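All figures in this text were calculated on a predicted structure; none of them were measured in a lab. Below, chain A is the first sequence line, B the second, and so on; all start at residue 1.
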2 protein chains.
Amino acid sequence: MDRRATDKDDETSATERPTLKTLAFMTGLGVTTVSRALKDAPEIGAETRRRVQLVAKQIGYRPNRAGVRLRTGKTNVISLVLNTEHELMSFVSDIIYGVTEVIADTPYHLIVTPYSRSQDPLDPVRYLVETGSADGVIISRAQPNDPRARYMLERGIPFATHGRTDMGLVHPYHDFDNYAFAGEAVRYLAAIGRRRLALVTPPVGLTYYGHTVNGFADALSEVGASEVPFNTVSIDHTIEQIRMRTAQLMRRDDRPDGIISSAAAATLAVVAGIEDAGLKLGRDIDVVSKQSSEVLHLFRRELLVVNENFRLAGSELARAVLGWIGGAAPGSLQSLSKPSEVLPYRG
Amino acid sequence: MDRRATDKDDETSATERPTLKTLAFMTGLGVTTVSRALKDAPEIGAETRRRVQLVAKQIGYRPNRAGVRLRTGKTNVISLVLNTEHELMSFVSDIIYGVTEVIADTPYHLIVTPYSRSQDPLDPVRYLVETGSADGVIISRAQPNDPRARYMLERGIPFATHGRTDMGLVHPYHDFDNYAFAGEAVRYLAAIGRRRLALVTPPVGLTYYGHTVNGFADALSEVGASEVPFNTVSIDHTIEQIRMRTAQLMRRDDRPDGIISSAAAATLAVVAGIEDAGLKLGRDIDVVSKQSSEVLHLFRRELLVVNENFRLAGSELARAVLGWIGGAAPGSLQSLSKPSEVLPYRG
DNA sequence: TTGGCAATCTGTAACGTTTCAGTATATTGA
DNA sequence: TCAATATACTGAAACGTTACAGATTGCCAA
């Protein structure tokens, strides 16, 4: 128990970042004791604990991430896996902000892991898991049978999906209730006298494609309206494609008098197509669209909108992943966001 | 030189992630040799080098980031520092995608570090530097006298700014030539007979506010048009504010017959305001606007647009930071993006 | 032969953290 | 009184990497 300054340590330069060793030296304790005191371990005396924590706060001690990660494997990183090509008018920033909001006062960092159209969506996830680059993962564009979710479940790495899967496997998710959205939209249009409705669907293959289509179909038969098939486009198509095909559709005799669109970007193109065909919004046809920011009513007042909050989605997803990491049951970390009413323009 | 399996090592379980030790064992070499062979050190025999690299590739060896980071301080992380509240129609995703494009085949990860309106913009930067969380930083919303740039220059941490500063200090940046943009816009409007022009400016305080205002003023006097002051808004204002104040402006006798807008989101509000005042785009007034995605022509065909490519900005910024990290001279890592022509709608 | 010197390769230590297996002291039970 | 036990602390080892300071070998000049 000799308390001479250890010969090799240079506690001289005050500019260096403090480590546990610095704290140990300052408090006269061992490194181990300091480490445990900082994490409120029970076998540390109350006064010692307070003293260590005080000094740590004073000198602005921050654990070295690399040290922790090397020793424990804990990265303190959440990864958001994104497709860099889909989603035109990108809601991406909202999700990111939602996530950062939640992790702001945690030690977590957010890394963005992209993948492109040409890649297998499993690639980035495999990379993250194999290299142990994150404690938790958020993926979007969930599919009914999603290999990524299956993969991560097998490896036991916490994750949350934006959108639900349908594999009989339970995992955290956040989803917008697109079944309800499509239903509400149909009922609204029926209520204002529209009877021949078309749907601009989500990308085929994603889970919420099914939800939307089902909500649409069920509500159609409920209100006794009919569907005008419009399967040639989804919101993943380009502006040009959607516009052209909408114009084609609107030039037919059996054209719809109502359209429901699953995304604001697509709606811009749909409206352009409608007008290309010489028809007028609000008179010849009504359009209900989801949007994630208040742009559509600036675009055309006649549009009917339903708001989807992606910032909230980001927050919920982050909360879910952190919850799972923290040991909560995956099944308890699922949330579904109800759509707003269908909103007409108000001055 | 005994080649018995070292007693404590368990090279048995094939499921573990390979490390240098694994490679050393497999090749029969020392850990040091393997390490150097992998980074093409000159004192390693050519054959040995090839052999090690072959084995490494075969078993999918990936250096442990925490190990490298702990030992060398190199994080292999680039941080993008973002304000979570400004920038309505967010170009954020484009920047992110641009960055990820460039770092895709490097060992770098991208972390997003947010800060909110209530915080000092220096906070996140200070955090990154103090904790050594990134090898390079990208900041946006550059100011003429930017404390963040000054701070990072002092600490010698590589960074790039989206937008220029004006402190007589040299550092990498990427910027859109807003002086040219405003000038082109003025000249275009003058050429189609507009003589009384108003400018929806960038946020006061940011460097490109000055560029834009100067480009506007210089071109005005060049073509002999006059300015209608419109200092009550900038593109950082809310949609509602811009819309209301534009309507007010357009109801005055001395209203402009041309408006130049620095952002697409603001332009939506400007057009709404114009129409609120009962005026018609293309007849009573023309509007030139920057946009970062092809939305404005769907919105109103009469709009005149200039495209700004944020994905490119992201790529350039990433390239700049990586260049600086790689030892290039900061002064050689500056780029300016020329605006496109002013583009009217074409069917 | 011997010394010197390249050319290759190697072990050890260190980065900062947590965990393991203690040690020293005080306190309790009988 | 003595042993058992609880309390409060500690050093050493390990995570995977790189840098440092050697080691070993072969070859050439003297």
Next on the checklist: Please determine whether side-chain hydrogen bond (donor to acceptor under 3.5 Å, both in side chains) holds for the pair A:Asn145 and A:Arg150, giving the CA-CA distance in whole Å, both sets of side-chain angles, and the decisive distance to 0.1 Å.
Outcome noted: CA-CA 8 Å; A:Asn145 188 332; A:Arg150 193 185 300 281; 2.9 Å; yes
Item to check | Among C:dA21, C:dT18, C:dT10, the one nearest A:Thr72 by side-chain distance | outcome: C:dT18
Checklist entry - For A:Arg51 and D:dA8, what is the distance between atoms CZ and P respectively, to the nearest whole Å? => result 14 Å
Next on the checklist: When you measure from the side-chain N and O atoms of B:Thr33 to the phosphate of C:dT10, is any distance below 4.0 Å, counting only OP1 and OP2?
Outcome noted: yes
Item to check | Atom-pair distance (CZ on A:Arg49; C1' on D:dC9), nearest Å | outcome: 13 Å
Checklist entry - Does B:Thr32 make a side-chain donor-acceptor contact with the base of D:dA19, cut-off 3.5 Å? => result yes
Checklist entry - Where do A:Arg36 and A:Glu43 land on the salt bridge (charged side-chain N to carboxylate O under 4.0 Å, His left out) test, with the steps shown first? => result CA-CA 8 Å; A:Arg36 316 189 88 159; A:Glu43 63 268 60; 2.8 Å; yes
Checklist entry - Taking the side chain as C-beta and beyond, is there a heavy-atom pair between A:Tyr115 and A:Asn83 under 4.5 Å? => result yes
Item to check | Atom pair distance, as rounded to whole Å: CG in A:Leu29 and P in D:dT7 | outcome: 19 Å
Item to check | Exam field: side chain B:Thr131 to backbone B:Tyr127, donor-acceptor pair closer than 3.5 Å | outcome: yes
Next on the checklist: Between B:Thr165 and B:Asp146, does the side-chain hydrogen bond (donor to acceptor under 3.5 Å, both in side chains) criterion hold? Intermediate values first, please.
Outcome noted: CA-CA 6 Å; B:Thr165 61; B:Asp146 200 304; over 6 Å; no
Checklist entry - Does a side-chain N-to-carboxylate-O contact under 4.0 Å join B:Glu316 and B:Arg319? => result yes
Item to check | d(CD1, A:Ile44; C1', D:dA8) in whole Å | outcome: 7 Å
Checklist entry - Given the rule in the side chain to side chain contact (heavy atoms under 4.5 Å, CB included) test, do A:Tyr61 and A:Val55 qualify, once you have shown the distances and angles that lead to the verdict? => result CA-CA 8 Å; A:Tyr61 167 78; A:Val55 176; over 6 Å; no
Next on the checklist: Do B:Leu110 and A:Ile111 have side chains that approach each other closer than 4.5 Å (heavy atoms only, starting at C-beta)?
Outcome noted: no
Checklist entry - Between atom NZ in B:Lys74 and atom P in D:dT17, what is the gap in whole Å? => result 15 Å
Checklist entry - Contacts to DNA chain C from residues 52-70 of chain B, heavy-atom cutoff under 4.0 Å, which residues? => result B:Leu70
Checklist outcome for this item: Between CZ of A:Arg71 and C1' of D:dT17 the distance, given in whole Å, is 16 Å
Checklist entry - Could you give the CG-to-P distance, from A:Leu23 to C:dT18, as a whole number of Å? => result 12 Å
Checklist entry - Rounded to the Å, how far apart are A:Arg36 CZ and D:dA8 P? => result 13 Å
Next on the checklist: A:Met152 vs A:His171, test: side chain to side chain contact (heavy atoms under 4.5 Å, CB included). Steps then yes/no.
Outcome noted: CA-CA 10 Å; A:Met152 289 189 279; A:His171 61 79; over 6 Å; no
Checklist entry - Is any side-chain nitrogen or oxygen of B:Lys21 closer than 4.0 Å to OP1 or OP2 of D:dG16? => result no
Checklist entry - Quantified as the angle between the terminal helix axes (five pairs each), what is the overall bend of the helix from C:dT1-D:dA30 to C:dA30-D:dT1 to 10 degrees? => result 60°
